> 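Starting off with a structure, shown below.
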Amino acid sequence: MKHSIIIAPLLAVLICTTSCRSLQPTQSAERDVFAMDTFMTMKAYGDGAAKALDSAEERIHELEAELSVTSQNSDIARINRANGAEVEVSHDTALLVGAGASYWRDTDGALDISVYPVLTEWGFTTGEYHVPDAAAIARLLERVSGEDISVDGSTVQIPADSKIDLGALAKGYTGDEIMAIFRDNGVKSAMISLGGNVQALGSKPDGSDWRVGIKDPFTTDENMCVVSISDKAVVTSGNYERCFTADDGRNYWHIIDPSDGYPADNGLVSVTIIGGEGLRCDALSTALFVMGTEKAQTYLNGHTEVDAVLVTDDARILYTDGLADKLEIMSDMPSEVIARD
Ligand code: AMP
Ligand code: MG
């Protein structure tokens with residue numbers, strides 16, 4: 001009798017410790033960072049989460065120091081000042097400038113990292129917006145030279161009067177680098193947003209998909225749809241980010257069509273790319289925005305490794321068939337599927 005009185009509470013404690021341990025929530029850590037001219041948020045789950053976030057934050061600042069077009073000591077600033085000479089750069093810079101050159105070829109010139117002088121003339125780099133006169137744009141277009149960017153190992157060379165910027169690619173690559181750091185630290189589940197570039201590692205800690213909202217480009221404060229993902233990036237380029245209304249009453253935005261030097265206005269107001277690699281999603285969201293409705297669909301037909309949600313300027317949502325059971329549309333806009341072979 002005496003024994004059972006002692007054993008009962010002991011058993012209760014044992015059962016509680018075992019079951020309480022299995023009920024313990026997964027450890028998680030969060031971090032907000034302001035870098036690359038944007039707000040970034042990161043949340044990681046697992047024992048290594050806090051350490052992973054420290055390393056990720058360090059890496060973000062390292063990449064910013066290498067890649068920023070405005071900081072005097074960055075690799076990009078040195079390339080832009082080199083007057084046509086070869087410049088020794090970091091592995092990251094060489095990789096990204098090389099990616100810029102190969103996406104130029106792959107997207108028929110829609111992505112062109114040397115469009116920077118035109119972008120500057122419009123004031124998109126300083127916030128001092130104005131509509132340049134046609135002659136100034138024509139002059140600056142002569143300096144846009146995606147085909148003349150060369151990378152050889154860790155050496156980059158661009159023409160003397162060219163200037164490049166990696167604004168269309170840098171955040172996508174940063175997302176990939178953060179995912180690698182998370183994996184190295186044993187994190188199995190994480191979600192980051194780098195100023196709207198969303199990227200997920202694995203699934204949610206409960207095993208379900210992450211749900212990522214995609215903004216309605218016509219209202220911008222509401223989501224038009226939600227996409228379910230795991231281990232993927234979701235990257236949007238839209239005409240509502242960094243834009244201004246000029247004296248002529250028209251809106252102008254920061255994605256430039258390298259074929260004419262004006263903000264790309266080829267039928268699309270937003271392009272979201274969903275795929276496994278952040279860099280690829282970032283490059284293609286910008287490039288397909290420039291391509292416009294028809295060319296973007298043709299490109300997607302040949303590249304089934306990525307999915308996309310396009311919004312046209314006449315308010316239609318076009319999405320690739322791979323998203324059929326992954327996309328929940330809340331908007332009233334009519335939607336159509338881009339069917340691929
Ligand atoms: P994203 O927000 O990823 O679409 O990138 C837009 C940024 O890329 C702009 O703010 C510019 O810095 C740069 N950019 C604009 N137009 C182009 C273009 N056609 N090709 C490459 N970069 C561009
Ligand atoms: Mg981009």
Side-chain angles (χ1 to χ4, degrees), residues 36-40 64 67-70 74 76 80 96-127 129 137 140-141 143-147 149 158 162-176 193-199 214-215 217 220 233-244 252-266 268-275 277-292 295-296 299 306 308 310-311:
M36 301 183 178
D37 212 15
T38 197
F39 286 102
M40 304 182 167
E64 180 175 37
L67 306 175
S68 161
V69 70
T70 47
S74 73
I76 299 303
N80 287 344
L96 279 176
V97 176
S102 62
Y103 276 111
W104 180 85
R105 287 188 292 274
D106 184 51
T107 63
D108 205 13
L111 187 104
D112 192 331
I113 59 172
S114 71
V115 84
Y116 186 66
V118 182
L119 203 76
T120 307
E121 180 67 26
W122 280 90
F124 288 113
T125 49
T126 55
Y129 304 124
I137 291 181
L140 290 167
L141 275 179
R143 299 168 54 186
V144 176
S145 55
E147 73 275 29
I149 294 167
I158 64 171
S162 285
K163 288 192 192 316
I164 56 170
D165 108 277
L166 299 172
L169 309 172
K171 282 187 280 167
Y173 176 67
T174 304
D176 292 333
S193 169
L194 311 181
N197 275 38
V198 172
Q199 197 157 348
I214 301 175
K215 268 187 190 171
T220 70
V234 180
V235 180
T236 300
S237 292
N239 73 344
Y240 51 87
E241 303 160 47
R242 235 171 325 144
C243 57
F244 71 98
Y252 297 94
W253 47 85
H254 69 134
I255 301 173
I256 302 290
D257 186 339
S259 71
D260 63 10
Y262 284 80
D265 193 9
N266 299 315
L268 295 175
V269 289
S270 135
V271 172
T272 301
I273 305 289
I274 298 133
E277 195 200 348
L279 171 57
R280 184 155 184 68
C281 293
D282 204 357
L284 293 184
S285 68
T286 312
L288 269 61
F289 188 100
V290 172
M291 286 181 194
K295 271 182 131 180
Y299 186 93
V306 291
L310 316 178
V311 183

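When a ligand or atom number is given, it counts from 1 through the structure's own listing order. Hydrogens, waters and symmetry mates play no part in the numbers below; they use all other heavy atoms, side chains included. Note that this is a predicted model, so its numbers are computed, not measured.
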> Going by side chain to side chain donor-acceptor pair (under 3.5 Å), name the residues that satisfy it together with Arg143, two or more places apart in sequence or in a different chain.
none
> With Leu166, which of Val69, Ile113, Asp282 fulfils side chain to side chain contact (heavy atoms under 4.5 Å, CB included)?
Ile113
> With a 4.5 Å heavy-atom cut-off, do Phe124 and Tyr129 have their side chains touching?
yes
> Kindly give the heavy-atom pair with the smallest separation between Gln199 and Asp176, and that separation in Å.
NE2-OD1, 3.0 Å
> By side chain to side chain donor-acceptor pair (under 3.5 Å), which residues pair with Thr38, not counting sequence neighbours?
none
> I'd like to verify the contacts: list protein N, O or S atoms under a distance of 2.8 Å from the Mg ion (ligand 2).
Ala168 O, Asp282 O, Asp282 OD1, Thr286 OG1
> Counting C-beta onward and ignoring hydrogens, is there a side-chain heavy-atom pair between Thr236 and Ser270 closer than 4.5 Å?
yes
> Can you tell which of Ile274, Ile273, Thr286, Val198 makes a side chain to side chain contact (heavy atoms under 4.5 Å, CB included) with Cys281?
Ile273
> Can you pull every nitrogen or oxygen pair between ligand 1 and the protein closer than 3.5 angstrom?
| from | atom 1 | to | atom 2 | distance (Å) |
| --- | --- | --- | --- | --- |
| ligand 1 | 3 (O) | Asp282 | OD1 | 3.0 |
| ligand 1 | 3 (O) | Thr286 | OG1 | 3.0 |
| ligand 1 | 4 (O) | Ser237 | OG | 2.6 |
| ligand 1 | 4 (O) | Thr286 | OG1 | 2.7 |
| ligand 1 | 8 (O) | Ala168 | N | 3.2 |
| ligand 1 | 10 (O) | Arg242 | NH2 | 3.3 |
| ligand 1 | 10 (O) | His254 | ND1 | 2.9 |
| ligand 1 | 12 (O) | Asp165 | OD1 | 3.4 |
| ligand 1 | 12 (O) | Asp165 | OD2 | 3.3 |
| ligand 1 | 16 (N) | Ile256 | N | 3.0 |
| ligand 1 | 19 (N) | Ala110 | O | 3.1 |
| ligand 1 | 19 (N) | Ile256 | O | 2.8 |
| ligand 1 | 20 (N) | Asp112 | N | 2.9 |
| ligand 1 | 20 (N) | Asp112 | O | 3.3 |

> Do you know which of Asp108, Thr107, Asp106 makes side-chain hydrogen bond (donor to acceptor under 3.5 Å, both in side chains) with Tyr299?
Asp106
> Using 30° and 60° as the class limits, which term best fits the ring planes of Phe289 and Trp253: parallel, tilted or perpendicular?
perpendicular
